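Heads up, the thing below is written out as structure tokens.
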Amino acid sequence: MANDSKKFQDIISHCKEYGFIFPSSEIYDGLQAVYDYGQWGSELKKNIKDYWWKSMTQLQENIVGIDAAIFMHPTTWKASGHVDNFNDPMIDNKDSKKRYRVDHLIEAHAEQMVANNRQDEADGLIAEMEKLLAKDDFPGLKKLIETYNIKCGISGTSNWTDVRQFNLMFSTEFGSSSSSEEGDNIVYLRPETAQGIFVNFLNVQKTGRMKIPFGIAQIGKAFRNEIVARQFIFRMREFEQMEMQFFIRPGTQKEWYEHWKQERLKWHLSLGTDSKNYRFHDHIKLAHYADAACDIEFDFPIGFKELEGIHSRTDFDLKNHQEFSKKKMQYFDNDIDPATGKAYGNYIPFVIETSIGLDRMFLSVISNAYEEQDLSTPEKQDSRVVLKLPPRLAPIKMAVLPLVKKDGLPEIARQIIDDCKSHFHCFFEEKDTIGKRYRRMDAIGTPFCVTVDQQTKEDSTVTIRHRDSMQQERIAIADLKRIVLEAISGTTTNTSNFLITN
RNA sequence: GCGGAAGUAGCUCACCUGGUAGAGCGACAGCUUCCCAAGCUGUAGGUAGCGGGUUCGAGUCCCGUCUUCCGCUCCA
């Protein structure tokens, strides 16, 4: 499937044509890397969310959910490291078109000088650079690059653009009146939801009487200014994360990291997707907060890409919040340590994070479900586009179709819907030939089409058509609800009811 | 950010070397139809991305701008 760009384009078109995903503000030519979910897309997205939420909270004895605000105190992002790490000044070489982080460029030059026995000069350069970086003096940095005649490794020229700051965090003004102190009332739109969990760690632990190990789950929007963002909903400026931070005893991070790696993979597989579409990718170069990290990658039409991250975040976040807030972020553990015979006592918990992009999950689900089928026979050319969505995720579970729109058939169909609609999403359609209606339902992934015909009036049976096989069977109306409910609750696929006991 | 290509009805596209916009599918209304799209009739829908220029006249030529796609780059 790798790099099947035609298929990717087809999926994007299909998403738009059938009301799953529209470019944002399309009537104004759109807004780059921002998308809206339409009538069926929002249903599918919500079903994914519900499935995750249920798996991570209801089915886990020691995980609870929260819903933290998008706005957070600005110091949050200093403590988390995002202010420093998301603000790298960059510079482009106009000839090679190569972009460099300014600090990397200068450091590389300094290393070169050291190699040429000019240690003192190199030290001076670095010192000067750090002074300028601390002041955010971009013209000064450019001048420094020119003064030292630093050249691009590829073009060999020093034809540089201005130094520019790439703000990966969105900021906005807080409060209705502008402050006299510049920057005083700037708040960021959170670039990850995790910090909302960390700052509430003690609130939840105390009010929920949570004992370590325990987890806090959250679904919410996050915002990042991407430099290049042209990959449909794979990389968006406004996106939604489903994260869970699992708080554990220091020293146990390795086993819990392994545990959540396996648990999360199981969750993906529980939706019936072939395991060959998934693989783990271990991070060699670790982020500033992690002592182990991997991604679950999915084989998207654009190739294997990151779908979910599992990170062992150590005590980095809680420790920093403790330092910046001057509030204790510790847990008192009464359990007896078998090694010492004494209670574990006070400590800052370590954290294992599972973080999945909801929009990426949506893309993985829909690209896995999308299928163009050639149904031609020697007599007749025929084809269909079908979304083989897991029934539990499908926007509509059951369409009820009167074979003809007369003789009381529509009325019977309405009755069936009235009986079922409080249990799952139903859809009524009497227009066009039955075949067209089936195909329209295939295109949005409806797993069941129920057809009311003349026989229904005689014996209260209907035909039920299975989306994937297109096979039909005749069943009693009285059995309908149960059959559909069984299919969408997926008794055979629910493998994630794993209770954590230790 | 750079290079290339493209923007005409909801979708796919046509209009050749400038002369006041067209098809198929789709949608809607009706008819027909007892089970898998391309039966019948009718209706709606486009100031040709936007702005400017050349011209008697521009979708068609020129410039600008925006957007999208492909490649590179970047990021993770």
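Chain letters run A, B, ... following the sequence lines, proteins first, then strands; residues in each count from 1. Heavy-atom basis, side chains included; hydrogens, waters and symmetry copies ignored. This is a predicted model, so every value here is computed, not measured.
Comparing the P positions of B:G10 and B:C50 gives a spacing of 13 Å, expressed to the nearest Å. Here the separation of B:G26 from B:U65, taken at their P atoms, is 41 Å to the nearest Å. When the C1' atom is used for both B:G71 and B:A37, the distance is 37 Å, rounded to whole Å. For the P atoms, the distance from B:A6 to B:C15 is 14 Å, rounded to whole Å. A distance of about 8 Å separates the C1' atoms of B:C2 and B:U73, rounded to the whole Å. Across B:G22 and B:A9, the matching C1' atoms stand 10 Å from one another, rounded to whole Å. B:G42 and B:C25 have their P atoms separated by 14 Å, with the value rounded to a whole Å. The same atom, P, is picked in B:C40 and in B:A14; the two are 26 Å apart, to the nearest Å.
Rounded to an integer number of Å, the gap from CD of A:Gln231 to C1' of B:C69 is 13 Å. Rounded to whole angstrom, the span from the CG atom of A:Asp432 across to the P atom of B:C31 amounts to 13 Å. At whole-Å resolution of the value, NZ in A:Lys305 and C1' in B:C75 are 11 Å apart. The distance between atom CZ of A:Arg474 and atom P of B:C35, rounded to the nearest whole Å, is 12 Å. The distance between atom CZ of A:Phe22 and atom P of B:U68, rounded to the nearest whole Å, is 17 Å. Rounded to a whole Å, the CG atom of A:Asp295 is 17 Å from the P atom of B:C75. Whole-Å rounding puts the A:Asp382 CG to B:C35 P distance at 16 Å. For A:Arg467 and B:C35, the CZ to C1' distance is 19 Å, given to the nearest whole Å.
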TODO: Would you write the dot-bracket representation of RNA chain B, where each base gets (, ), [, ], | or . depending on whether it forms a Watson-Crick or G-U pair under 3.5 Å and with which partner?
DONE: (((((((..((((.....[..)))).(((((.......))))).....(((((..]....))))))))))))....

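Summary of the strand contacts: A:Glu306 and A:Gly435 both lie near RNA chain B, and taking for each the nucleotide with the nearest heavy atom, the more 5' one is attributed to A:Gly435. If you find the closest nucleotide of RNA chain B to A:Asp407 and to A:Lys436, the one lying nearer the 5' end belongs to A:Asp407.
Checking B:C36, B:U33, B:C35 against the side-chain heavy atoms of A:Met470 singles out B:C36 as nearest. Side chain of A:Thr451, nearest nucleotide from B:C35, B:G30, B:A37: B:C35. When distances run from any side-chain atom of A:Arg235 to the nucleotides B:C75, B:C35, B:A37, the shortest one goes to B:C75.
Residue-to-nucleotide contacts include a donor-acceptor pair under 3.5 Å from the side chain of A:Arg465 to the base of B:C36.
Of the residues in residues 438-445 of chain A, those lying under 4.0 Å from RNA chain B by heavy-atom distance are A:Tyr438, A:Arg439, A:Arg440.
Here the two rings, on A:Tyr188 and A:Phe170, have centers that are 6.0 Å apart or farther. A:Phe246 and A:Trp256 have their aromatic ring centers within a separation under 6.0 angstrom. Aromatic rings of A:Tyr37 and A:Phe362 (six-membered ring for Trp) have centroids within the 6.0 Å cut-off, being under it. Here A:Phe201 and A:Phe247 bring their ring centres to under 6.0 angstrom of each other. Checked against a 6.0 Å centroid threshold, the rings of A:Phe232 and A:Phe234 do not count as neighbours.
Looking at A:Thr461 and A:Arg474, their side chains do bring a donor and an acceptor atom within 3.5 Å of each other. Residues A:His466 and A:Gln472 bring no donor and acceptor atom of their side chains to less than 3.5 Å of each other. Looking only at atom types and distance, the side chain of A:Glu372 has a donor-acceptor partner in the side chain of A:Tyr370 under 3.5 Å away.
In this structure, A:His425 and A:Trp40 have perpendicular ring planes: the angle between them is above 60°, well past the 30° mark.
Within 6.0 Å of CZ on A:Arg440 lie more than 12 heavy atoms contributed by other residues, nucleotides or ligands. Atom NZ of A:Lys46 sits in a sparse spot, with 12 or fewer heavy atoms from other residues, nucleotides or ligands closer than 6.0 Å.
For the residue pair A:Thr193 and A:Gly220, the shortest heavy atom distance occurs at CG2-O, 3.6 Å.
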Task: Residue pair A:Trp260, A:Thr354: steps toward the side chain to side chain donor-acceptor pair (under 3.5 Å) verdict - done: CA-CA 7 Å; A:Trp260 282 109; A:Thr354 74; over 6 Å; no

What protein N or O atoms touch nucleotides 8-13 of chain B N or O atoms at under 3.5 angstrom, if any, and at what distances?
from	atom 1	to	atom 2	distance (Å)
B:C11	OP1	A:Lys16	NZ	3.2

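Listed pair A:Gln9 / B:U68 fails the phosphate criterion, with no side-chain N or O lying under 4.0 Å from OP1 or OP2. A sub-4.0 Å separation between OP1 or OP2 of B:A27 and a side-chain N or O of A:Lys431 is absent.
Among the protein residues, A:Gln472 comes within range of the nucleic acid bases, having at least one heavy atom under 4.0 Å from a base atom.
Taking 4.0 Å as the cut-off between side-chain N and carboxylate O, A:Arg437 and A:Glu429 do not count as a salt-bridged pair.
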